[in-house]
There are 2 protein chains.
Amino acid sequence: MTQTLDAAPRSRRRDAEQNRLALLAAASAVLNRDPDASLDSIAAAAGLSRRALYGHFATRDDLIRSLLAHGVSRVLAATDRVEHPDPAALLALIGVTLWREVESVRVAAQFTVRGPFQHELALALAPLRDRVRHAVTVGAGTGRIRDDIEPGMLARLVEGSVLSVLDEATRSAIDAPTGERLVALSVLGMLGFGAADARALVDATPELHR
Amino acid sequence: MTQTLDAAPRSRRRDAEQNRLALLAAASAVLNRDPDASLDSIAAAAGLSRRALYGHFATRDDLIRSLLAHGVSRVLAATDRVEHPDPAALLALIGVTLWREVESVRVAAQFTVRGPFQHELALALAPLRDRVRHAVTVGAGTGRIRDDIEPGMLARLVEGSVLSVLDEATRSAIDAPTGERLVALSVLGMLGFGAADARALVDATPELHR
DNA sequence: TGTAAGTTGCACACGAGTGTGCATGTTAGT
DNA sequence: ACTAACATGCACACTCGTGTGCAACTTACA
């Protein structure tokens, strides 16, 4: 009797969870290139057989759901820590933060447009989007951000501009510092900042410059 | 003997070409929402049976190839007519012109990233992209356009920002005038124009304002 | 109005991906 | 070393989309 009195069902093996994470990582990488890659290719990328994958995830949807949950929580956790009094700088910072979570962000972005998780995902991402929209609205009120585009629309365009850069980053390999700078400049450009003003703000904001 | 001496093979019926065009239009519309929609759904959207589709296009690839050829020629024809001495205004104009070909542009954009036509398509679109890149380079030289982003990259980011707006346009229905204005402002923002300067340029350029 | 072009509906073969069952190894933990 | 947890490989059933053949029907056109 080492554990309980009756039938000790011996706990999960450690490598199991390890493989589960490997599968999620592989899925993230593979689906980033091909949104409807087969489970076979995902399992192979994780160094496992397709049959083994079913030991960790009941169905394909289950895998994707877990992947998205994992990714969304990463993204939300990362962006939640970002704060700044200037709404423009805040938005640039959020963009830069998203850059650091490229894979998760892009997978999430894929499935906000296609697939059966759109609504569910949109719901999970709502707090972040609300925050962006709020910052845009506040900035437009103070005159810090352009007000010639309706805030809701501008918020979505900012989101789009960030995703644009992330797309570009996956095609041509971009190193972290330039990538972050590009995201910041894109966001600020969309917010109505001229090139000089944008550069000045980036240079003046250490979190953006680093 | 009405026509030739030997076997007069009676020409194509007119409704055949009509149906062919209907299929292309349906494909454009359906594939815009779902890039890998079935031939069944496309044929149905054209008011035909899947079996009839094979009377016009040998294979799925054949249909898509024709669709892309059709779309690319539309896009190139439209943008070829656009000229302007100011590179920034030219780029905004090209963007606005692309807005007027939303469906073709978006279908083309889809297949530049996924599917077996990537290289072929990129080749066909090269002249337009070269033109964008050239305008960016020239503008950066004169100081009219930001030079803190490498021209090649900036050109792709401009392309991305246009596609962003077109994406947004397909989600939320946007009327033509505001859509064109959004495209112009997005492009100019990416080029380094502040909100005020961008608005001034748009107002001063009748082809952009209309 | 006759005839060929075009459409339809059904059948079928085929490939690819999903999900499951089961027997047979491997390997981690005790 | 023993055992349960895990992985593997194979077989199988199932779904879905593609592409083809063929007979029967409708319609444009001369």
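The shown structure was predicted, so the numbers you read here are calculated from the model rather than taken from an experiment.
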Considering heavy-atom distances to DNA chain D, does A:Gly47 or B:Tyr54 have its closest nucleotide positioned more toward the 5' end? A:Gly47

Any carboxylate oxygen within less than 4.0 angstrom of a Lys/Arg side-chain nitrogen, looking at B:Arg171 and B:Glu168? yes

Axis bend over the full length of the helix from C:dT1-D:dA30 to C:dT30-D:dA1, computed from five pairs that close each end, to 10 degrees: 30°

What about A:Arg51: does its side chain form a donor-acceptor pair under 3.5 Å with the base of C:dG21? yes

Counting heavy atoms from C-beta on, name the nucleotide in D:dA28, D:dC22, D:dG19 closest to the side chain of B:Arg13. D:dA28

More than 12 heavy atoms of other residues, nucleotides or ligands under 6.0 Å from NE2 of A:His70: yes or no? no

How many Å lie between CG on A:Leu53 and C1' on D:dC6, as a whole number? 14 Å

If you take all heavy atoms of B:Arg144 and B:Phe193, which pair is closest and at what distance? O-CE1, 3.5 Å

State which of D:dT8, C:dA28, C:dT8 makes the closest approach to the side chain of A:Asp15. C:dA28

Tell me, which of residues 19-43 of chain A have any heavy atom that sits under 4.0 Å from an atom in DNA chain C? A:Ser38, A:Leu39

So which heavy atom on A:Pro35 is nearest to which on A:Gln110, and how close? CG-NE2, 3.3 Å

Rounded to whole angstroms, how far apart are NE2 on B:His56 and C1' on C:dT7? 9 Å

Strictly by modelled atom types, are B:Ser28 and B:Glu103 linked by a side-chain donor-acceptor pair under 3.5 Å? yes

Kindly point out which of C:dG19, D:dC22, D:dG19 is positioned nearest to the side chain of B:Arg50? D:dG19

Least distance between heavy atoms, A:Leu24 atom then A:Leu67 atom: O-CD1, 3.5 Å

Run the salt-bridge test on A:Arg114 and B:Asp36 with the 4.0 Å N-O cut-off and return the result as yes or no. yes

Side chain to side chain donor-acceptor pair (under 3.5 Å), that's the test. Do A:Asp175 and A:Thr178 meet it? Break it down for me. CA-CA 6 Å; A:Asp175 54 299; A:Thr178 47; 2.7 Å; yes

Whole Å only: how far is the CG atom of A:Leu48 from the P atom of C:dT27? 13 Å

Counting only side-chain nitrogens and oxygens, does B:Arg60 get under 4.0 Å of the OP1 or OP2 atom of D:dG19? no

Please state how far atom CD in A:Glu17 lies from atom P in C:dG29, giving the value in whole angstrom units. 13 Å

For B:Arg131 and B:Ile94, the nearest pair of non-hydrogen atoms, with its separation, is NH1-CD1, 4.4 Å

